[in-house]
2 protein chains.
Amino acid sequence: MLSKSCVYALRAIIFIAHNAREEAKIGIKEIAQELDLPVHYLGKILQQLTKHKIIQSIKGPNGGFYLDRESKQVRLIKVIEVMDGLDVFFQCGLGLNNCSEEHPCPLHDNFKVYRDGLYTLFSTTSIADLANKIDEGNAFIQNFPSKLKDSLK
Amino acid sequence: MLSKSCVYALRAIIFIAHNAREEAKIGIKEIAQELDLPVHYLGKILQQLTKHKIIQSIKGPNGGFYLDRESKQVRLIKVIEVMDGLDVFFQCGLGLNNCSEEHPCPLHDNFKVYRDGLYTLFSTTSIADLANKIDEGNAFIQNFPSKLKDSLK
DNA sequence: ATAATAAAAGACCTAAATATCTTTTATTGA
DNA sequence: TCAATAAAAGATATTTAGGTCTTTTATTAT
């Protein structure tokens with residue numbers, strides 16, 4: 001469905017939204033550790049997101065990543081667009097490139113319902129929406145091996 | 001969403017269902033030509049499907065592929081299972097391996113609707129269902145470069 | 001039996017995604 | 001201005017998906 005890079009990106013952004021502020025940025029090593037992701041690979045991903053202004057970063061001592069007010073309102077679909085492109089949401093279920101409303105493939109009408117549904121979901125959900133849903137009983141937290149988990153006890 | 005191999009497999013099966021019978025099997029070269037797929041790659045795919053009894057094949061002169069009565073009733077999900085596995089339909093939208101009904105990730109409930117919808121669609125749709133839907137105004141036909149298209153005029 | 005046919009099987013190649021390592025640049029505080 | 005810090009950038013390695021080519025096996029008709 002979504003590439004590994006894209007899913008890592010979403011996890012990282014939600015984590016940053018939930019754990020950093022401009023006055024208390026979070027470093028890549030800590031993000032990687034908490035989310036159990038390869039540091040350098042994550043670095044590449046955050047680099048892309050920064051370039052597209054989806055997250056904010058500052059170099060040097062006390063540097064790190066955070067989300068400004070605008071970035072927290074970014075929709076998931078934007079992240080997907082940057083990482084994977086939006087082709088998944090416009091492609092035929094049978095991979096036919098001439099499948100369309102006028103000349104639908106035999107799976108088209110049924111498939112479209114869910115493909116469009118996902119597109120709408122990702123287009124209407126913001127980073128903040130997800131970050132705000134994080135609480136103790138949540139898989140997102142359960143997944144953190146160390147710090148955050150403890151910090152909530 | 002689905003791998004290329006899987007989508008090729010679905011296209012090929014539908015094509016075979018629509019164009020072959022036990023008394024008039026269709027060869028791999030013709031399938032590849034009509035669907036515009038690489039012959040040998042398609043060969044590998046059909047080989048897998050044959051091994052799993054999802055299609056029938058006969059070697060030698062007048063040999064080729066066809067679907068018996070049972071195979072036409074096979075559901076798309078079975079093909080997906082053989083080609084890609086069913087993980088897509090049971091994985092968390094954020095790729096968390098401990099996301100569950102009890103400890104859902106913040107995307108879980110909304111994502112599940114569409115992921116489960118697709119699973120149900122593929123589980124209830126048979127090869128025959130799709131093959132029977134093929135007609136002239138159909139993307140599946142439009143896609144055929146030569147023979148079949150002409151034969152329907 | 002043998003030649004021709006067509007799928008099965010195995011070996012191999014290529015490109016893309018995933019992942020790691022090293023060097024450079026920007027920033028800060030001493 | 002210099003040392004330390006942390007992200008950016010570049011180069012390289014590994015793995016998986018996608019694709020090709022060659023040989024083998026089964027079947028048929030002559």
Side-chain angles (χ1 to χ4, degrees), chain A residues 1-13 15-16 20 22-33 35-67 71 80 82-85 87-88 95, chain B residues 1-13 15-16 20 22-33 35-67 71 80 82-85 87-88 95:
Chain A
M1 169 70 203
L2 303 176
S3 73
K4 232 167 175 179
S5 297
C6 185
V7 156
Y8 287 0
L10 290 170
R11 296 230 288 266
I13 294 178
F15 184 85
I16 295 168
E22 182 162 7
E23 318 87 64
K25 301 182 262 300
I26 187 164
I28 191 170
K29 269 179 286 186
E30 196 179 351
I31 303 172
Q33 196 190 330
L35 298 182
D36 196 27
L37 301 178
V39 192
H40 292 99
Y41 188 42
L42 178 63
K44 289 292 172 199
I45 291 167
L46 295 182
Q47 198 177 308
Q48 283 185 71
L49 297 174
T50 303
K51 209 178 298 174
H52 284 87
K53 310 273 177 68
I54 292 176
I55 63 179
Q56 283 65 53
S57 79
I58 299 289
K59 288 181 181 181
N62 305 316
F65 298 89
Y66 68 98
L67 301 195
S71 293
I80 298 172
V82 165
M83 300 303 298
D84 289 355
D87 278 6
V88 216
Chain B
M1 169 69 205
L2 303 177
S3 72
K4 232 167 177 180
S5 296
C6 186
V7 156
Y8 287 179
L10 290 171
R11 296 229 288 268
I13 294 179
F15 183 84
I16 295 168
E22 182 163 6
E23 319 86 62
K25 301 181 263 299
I26 187 165
I28 191 171
K29 270 179 285 184
E30 195 179 352
I31 303 172
Q33 196 189 331
L35 297 182
D36 196 26
L37 301 178
V39 192
H40 297 286
Y41 188 39
L42 178 62
K44 288 294 173 198
I45 292 168
L46 296 183
Q47 198 177 309
Q48 283 184 74
L49 296 175
T50 303
K51 208 178 298 174
H52 285 85
K53 309 275 176 70
I54 292 175
I55 63 178
Q56 283 64 52
S57 80
I58 299 290
K59 288 182 180 180
N62 303 317
F65 298 89
Y66 69 98
L67 301 196
S71 293
I80 297 171
V82 165
M83 300 304 298
D84 289 354
D87 277 6
V88 218

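Computed from heavy atoms alone, side chains included, the values below leave out hydrogens, waters and symmetry copies. Below, read A as the first sequence line, B as the second, and so on, with proteins coming before strands; counting in each chain starts at 1.
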How many whole angstroms separate atom CG of B/L37 from atom P of D/dG18? 13 Å
With a cut-off of less than 4.0 Å, is there a side-chain N or O of B/S57 near OP1 or OP2 of C/dA6? no
If I take atom NZ in residue B/K4 and atom P in nucleotide D/dT16, what distance separates them, rounded to the nearest angstrom? 19 Å
Expressed as a whole number of angstroms, how long is the span from A/K44:NZ to D/dA13:P? 15 Å
Establish, with yes or no, whether the OP1 or OP2 oxygen of D/dG18 is under 4.0 angstrom from a side-chain nitrogen or oxygen of B/S5. yes
Whole-Å gap separating C1' (D/dA8) and CG (A/L42): 13 Å
Using a 4.0 Å heavy-atom cut-off, does B/G43 contact any base of the nucleic acid, only the sugar-phosphate backbone, or nothing at all? nothing
Side-chain donor-acceptor pair present, B/Y41, B/S5, cut-off under 3.5 Å: yes
What is the minimum heavy-atom distance between B/Y66 and B/I16, and which atoms define it? CA-CG2, 3.6 Å
A/T50 vs D/dA8: side-chain N/O to OP1/OP2 distance below 4.0 Å: yes
I'd like to know if the side chain of B/D84 reaches the main chain of B/L2, judged simply by a donor and an acceptor atom lying under 3.5 Å from each other, with no hydrogens or angles considered. no
Whole-Å gap separating C1' (D/dG10) and NE2 (A/H40): 12 Å
Between B/Y66 (OH) and C/dA6 (C1'), how many Å, whole number? 15 Å
Nearest-nucleotide 5' precedence on DNA chain C, A/N62 against A/P38: A/P38
Gap between atoms CE and P, on A/M83 and C/dA17 respectively (whole Å): 11 Å
Side chain of A/K59: nearest nucleotide among C/dT22, D/dA6, C/dA8? D/dA6
Once you apply a heavy-atom cut-off of 4.0 Å, does B/I58 come out as touching a base, just sugar-phosphate, or nothing? sugar-phosphate
Selected nucleotide, minimal atom distance to A/F65 side chain, candidates D/dT27, D/dA7, C/dA8: D/dA7
At under 4.0 Å, does any side-chain N or O of B/Y8 touch on OP1 or OP2 of D/dG19? yes
As a test of reading the structure: which of D/dT28, D/dA4, D/dA9 is closest to the side chain of A/P61, going by heavy atoms? D/dA4
Looking only at non-hydrogen atoms, find the nearest pair between B/L49 and B/A9 and report the distance. CD1-CB, 4.0 Å
Between CG of A/L42 and CD of A/Q47, what distance do you get to the nearest 0.5 Å? 11.0 Å
Rounded to the nearest Å, what distance is computed from the OH atom of residue B/Y41 to the C1' atom of nucleotide D/dG19? 7 Å
Should B/Q47 be listed as having a side-chain N or O under 4.0 Å from OP1 or OP2 of C/dA9? yes
